[in-house]
Amino acid sequence: MDAKATKNLTLTAGVKFGLLFRENAKEESRFIQPHHKGPVMIYLAPLASNGEGDVWFKIFEKGYDTKTKRFFTEELQETRGAMDFTIPEDIAAGEYLMRTDVLALHQAKKKGMAEFYPNCVQIKLVSKGTAKPKGYPIPGVYKADHPGLLIDIYDPIKSYEMPGPLLYSKDLGTTPQNQEGEIPEEGNQPEEGDKPEEGDKPEEGDKPEEGDKPEDGEPVVKKPKVPAGKKKPCNGRKKKKRHFK
């Protein structure tokens with residue numbers, strides 16, 4: 001990917017900014033189908049890497065809240081896909097790919113059927129930090145038999161283990177603790193009737209099309225959702241449906 005040929009979104013480390021997820025580019029579009037429940041994760045990788053190799057480090061994750069008994073996607077339903085987010089202030093300045101992974105686990109009781117909705121934007125990070133965290137490959141960090149990807153979400157959930165690498169922490173380098181995502185207090189609230197009805201189940205037609213069945217042990221990758229900023233493929237190439245190994 002040639003950074004000179006693509007506009008970058010300028011962000012400042014340590015300063016809160018907004019992300020907005022939509023099913024499509026229309027303003028009235030919903031975030032995601034109500035029964036698509038799961039975690040959300042955000043990664044960074046140096047732009048020069050083109051997203052290839054051991055370059056992705058996780059800077060945000062939020063999964064299942066055992067107190068509210070909801071996945072983070074359910075919280076985003078209430079804000080129509082809007083959330084506030086802060087890049088760690090110690091990350092070194094530079095140009096990065098920022099990748100968002102929205103997961104849907106409504107069919108994840110079968111191995112390889114967790115659905116991934118990834119998207120990427122190019123950013124120019126303004127920062128006084130110097131940290132360059134250890135990276136991991138994508139594909140490569142997700143395993144289909146991981147308990148966070150092989151789970152029946154319609155059974156009671158006592159705990160949820162986040163998939164992928166550990167979350168980056170400036171104190172320890174990495175840490176298994178979740179970063180708390182913030183939901184905006186005002187604005188971007190759904191209109192009445194936009195909340196998912198209790199007990200939403202997959203609609204007819206949500207199952208993979210004939211011929212799209214993944215090989216054993218590979219999660220399904222679906223069409224990406226749209227965060228704020230300029231959309232770019234996560235590896236600099238044309239987006240297409242593929243399987244994580």
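Only heavy atoms go into these numbers, but all of them, side chains included; no hydrogens, no water, no symmetry mates.
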*Asks:* Can you tell me how far NZ of Lys111 sits from CG of Leu149, rounded to the nearest 0.5 angstrom?
*Replies:*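 Rounded to the nearest 0.5 Å, the CG-NZ separation comes to 11.5 Å.
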
*Asks:* A side-chain contact here means heavy atoms from C-beta on lying under 4.5 Å apart; do Leu97 and Val55 qualify?
*Replies:*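 No, every pair of side-chain atoms sits at 4.5 Å or beyond.
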
*Asks:* Checking Ala104 now: which residues fulfil side chain to side chain contact (heavy atoms under 4.5 Å, CB included) with it, not counting sequence neighbours?
*Replies:* His36, His106, Glu115, Tyr117

*Asks:* About how many Å separate CD1 of Ile42 and CD of Glu61, when rounded to the nearest 0.5 Å?
*Replies:*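 Rounded to the nearest 0.5 Å, the CD-CD1 separation comes to 10.5 Å.
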
*Asks:* Leu11 versus Tyr96: any side-chain heavy-atom pair under 4.5 Å?
*Replies:* no

*Asks:* How long is the span from the CZ atom in Phe60 to the CD1 atom in Ile87, to the nearest 0.5 Å?
*Replies:* 12.5 Å

*Asks:* Are the side chains of Ile157 and Ile151 in touch, meaning some heavy atoms are under 4.5 Å apart?
*Replies:* yes

*Asks:* Residues in side chain to side chain contact (heavy atoms under 4.5 Å, CB included) with Pro147, at least two apart?
*Replies:*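 With sequence neighbours excluded, Pro147 shows a side chain to side chain contact (heavy atoms under 4.5 Å, CB included) to Glu161, given in chain and number order.
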
*Asks:* With no hydrogens and no angle check, is any side-chain donor or acceptor of Gln77 less than 3.5 Å from a backbone partner on Ile32?
*Replies:* yes

*Asks:* Within the 4.5 Å heavy-atom criterion, are Asp101 and Pro39 side-chain neighbours or not?
*Replies:*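 No, their side chains stay 4.5 Å or more apart.
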
*Asks:* Starting at CZ of Phe31, measure out to CD of Glu75 and round the result to the nearest 0.5 Å.
*Replies:*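 Answer rounded to 0.5 Å: 10.5 Å.
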
*Asks:* Residues in ring pair (Phe, Tyr, Trp, His ring centres under 6.0 Å) with Phe57, at least two apart?
*Replies:* none

*Asks:* With sequence neighbours left out, what residues match Val15 under side chain to side chain contact (heavy atoms under 4.5 Å, CB included)?
*Replies:* Thr12

*Asks:* Are any non-hydrogen side-chain atoms of Val40 and Lys62 less than 4.5 angstrom apart?
*Replies:*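 Side chain of Val40 against side chain of Lys62, heavy atoms only: no contact under 4.5 Å found.
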
*Asks:* With clusters defined by side-chain heavy atoms of hydrophobic residues (ILVMFWY) lying less than 4.5 Å apart, directly or transitively, does Leu150 cluster with Tyr154?
*Replies:*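 They do not share one cluster, since no chain of ILVMFWY contacts under 4.5 Å joins Tyr154 to Leu150.
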
*Asks:* Could you tell me whether the side chain of Lys16 and the main chain of Asp84 form a donor-acceptor pair under 3.5 Å?
*Replies:*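 No.
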
*Asks:* Can you measure from OG1 (Thr130) to CG (Asp90) and round to the nearest 0.5 angstrom?
*Replies:*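 Result: 7.5 Å between the selected atoms.
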
*Asks:* Using side-chain heavy atoms (C-beta onward) and a distance below 4.5 Å, is Lys37 in contact with Arg70?
*Replies:* no

*Asks:* Side-chain heavy atoms nearer than 4.5 Å, only ILVMFWY residues, links allowed to pass through others: does that put Phe17 and Phe72 together?
*Replies:* yes

*Asks:* Do the side chains of Met41 and Val141 get nearer than 4.5 Å, heavy atoms only?
*Replies:* no

*Asks:* Only counting residues at least two apart or in another chain, list the ones meeting side chain to side chain contact (heavy atoms under 4.5 Å, CB included) with Asp65.
*Replies:* Lys67, Thr68

*Asks:* Can you find a pair of side-chain heavy atoms, one from Arg99 and one from Pro118, that are under 4.5 Å apart?
*Replies:*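 In short, these two side chains touch, coming nearer than 4.5 Å.
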
*Asks:* By side chain to side chain donor-acceptor pair (under 3.5 Å), which residues pair with Tyr43, not counting sequence neighbours?
*Replies:* Tyr142

*Asks:* Let me see the working for Trp56 and Leu44 under side-chain contact (heavy atoms from CB on, under 4.5 Å), right down to the final yes or no.
*Replies:* CA-CA 6 Å; Trp56 295 99; Leu44 288 181; 5.8 Å; no

